[in-house]
A.B. asks: 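Below is the structure I would like to discuss, written out as C-alpha cells.
Quick note: numbers below take in every heavy atom, side chains included, and nothing from hydrogens, waters or symmetry partners. Residues take their numbers from the sequence shown, with the count starting at 1. Bear in mind the structure is a predicted one, so any value in this text is a computation, not a measurement.
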Amino acid sequence: QVQLVEAGGGRVQGGGSLRLSCTASGHIFANNAQAWFRRAPEKGYEFVAAISGSGLLTNYADSVKGRFTISRDNAKNTVYLQMNNLEPEDTAVYYCAARTGIGPSGTYASYDYWGQGTQVTVSS
C-alpha cells in the first residue's frame with residue numbers, strides 16, 4: 001500500500017506564493033509518476049500538474065502554466081508544487097496523487113493512490 005501526505009497549504013493574498021509538498025511512503029518506487037489535482041467548492045477534480053518518475057517530463061494545465069512548477073526529490077520520496085502569482089481562482093483543496101505508470105498523465109482515472117488533501121485559499 002502507498003500513503004501520500006500533503007503539507008504546505010494555507011491562506012495567502014492574491015499575487016502571493018505557496019509551496020506544497022507530498023511525501024510518499026509504503027510500496028512506491030522512484031519511477032512512479034505523480035501529480036497534483038485540485039477541487040474547488042461544488043466543482044469536480046481538476047488536473048494541475050504532473051511529473052514523470054525520473055522528473056524529466058512534466059505536464060501542466062493551461063490555467064497554471066508559467067505560474068506553478070512541479071518538481072520531485074526521489075531521495076526523499078517527495079514531490080513539490082511551487083505556486084507563484086496565486087489568484088483567487090486557485091482556491092481549492094489540493095490533492096497529491098501517484099500512479100503505477102511512469103508518464104505524467106493529466107487524467108484523474110490514471111492515478112491509483114491519493115492523499116487527503118490540503119486547503120489553499122487565495123484572497124483578493
A.B. asks: Are R99 and S105 side-chain neighbours, meaning at least one heavy-atom pair lies under 4.5 Å?
C.D. replies: yes
A.B. asks: Do F37 and Y94 come close enough that some side-chain heavy atom pair is under 4.5 Å?
C.D. replies: no
A.B. asks: Please report the shortest heavy-atom distance between G9 and V120, naming the atom on each side.
C.D. replies: CA-CG2, 4.2 Å
A.B. asks: Quick one, S17 with N84, criterion side-chain hydrogen bond (donor to acceptor under 3.5 Å, both in side chains). Give me CA distance, side-chain angles, the key distance, then yes/no.
C.D. replies: CA-CA 4 Å; S17 298; N84 297 329; 2.9 Å; yes
A.B. asks: E87 vs N85, test: side-chain hydrogen bond (donor to acceptor under 3.5 Å, both in side chains). Steps then yes/no.
C.D. replies: CA-CA 7 Å; E87 303 168 352; N85 195 20; 4.9 Å; no
A.B. asks: Under a 4.5 Å cut-off applied to non-hydrogen side-chain atoms, are Q34 and C96 in contact?
C.D. replies: yes
A.B. asks: Got T100 and N32 here, is their nearest side-chain heavy-atom distance under 4.5 Å?
C.D. replies: yes
A.B. asks: How close do A50 and Y111 get, heavy atom to heavy atom, and via which atoms?
C.D. replies: CB-OH, 3.6 Å
A.B. asks: Is there a path of hydrophobic side-chain contacts, each under 4.5 Å between heavy atoms of I/L/V/M/F/W/Y residues, joining I102 to I51?
C.D. replies: no
A.B. asks: For the residue pair T69 and L81, establish whether any side-chain heavy-atom pair is separated by less than 4.5 Å.
C.D. replies: no
A.B. asks: For the hydrophobic clusters of this structure (ILVMFWY residues joined by side-chain heavy atoms under 4.5 Å, transitively), does one cluster hold both L20 and Y95?
C.D. replies: no
A.B. asks: Should L86 and V48 be counted in the same cluster of Ile, Leu, Val, Met, Phe, Trp and Tyr side chains packed under 4.5 Å apart?
C.D. replies: yes
A.B. asks: Ring centroid separation for Y60 and W36, is it under 6.0 angstrom?
C.D. replies: no
A.B. asks: Return the minimal non-hydrogen interatomic distance between T91 and A40, and the atom names on each side.
C.D. replies: O-CB, 3.7 Å
A.B. asks: Any link between V12 and V64 through a network of hydrophobic side chains (Ile, Leu, Val, Met, Phe, Trp, Tyr) touching at under 4.5 Å?
C.D. replies: yes
A.B. asks: Would you mind reporting whether F47 and R38 have side-chain heavy atoms less than 4.5 Å apart?
C.D. replies: no
A.B. asks: State, yes or no, whether a side-chain contact exists between T58 and P104 at a heavy-atom distance under 4.5 Å.
C.D. replies: no
A.B. asks: Atom CD1 in I70, atom OG in S52: separation rounded to 0.5 Å?
C.D. replies: 9.5 Å
A.B. asks: On the ring face of Y80, is R72 found with NZ or CZ under 6.0 Å from the centre and within 45° of the axis?
C.D. replies: no
A.B. asks: Can you name the closest pair of heavy atoms from V122 and Q13 and give their distance?
C.D. replies: CG1-C, 4.0 Å
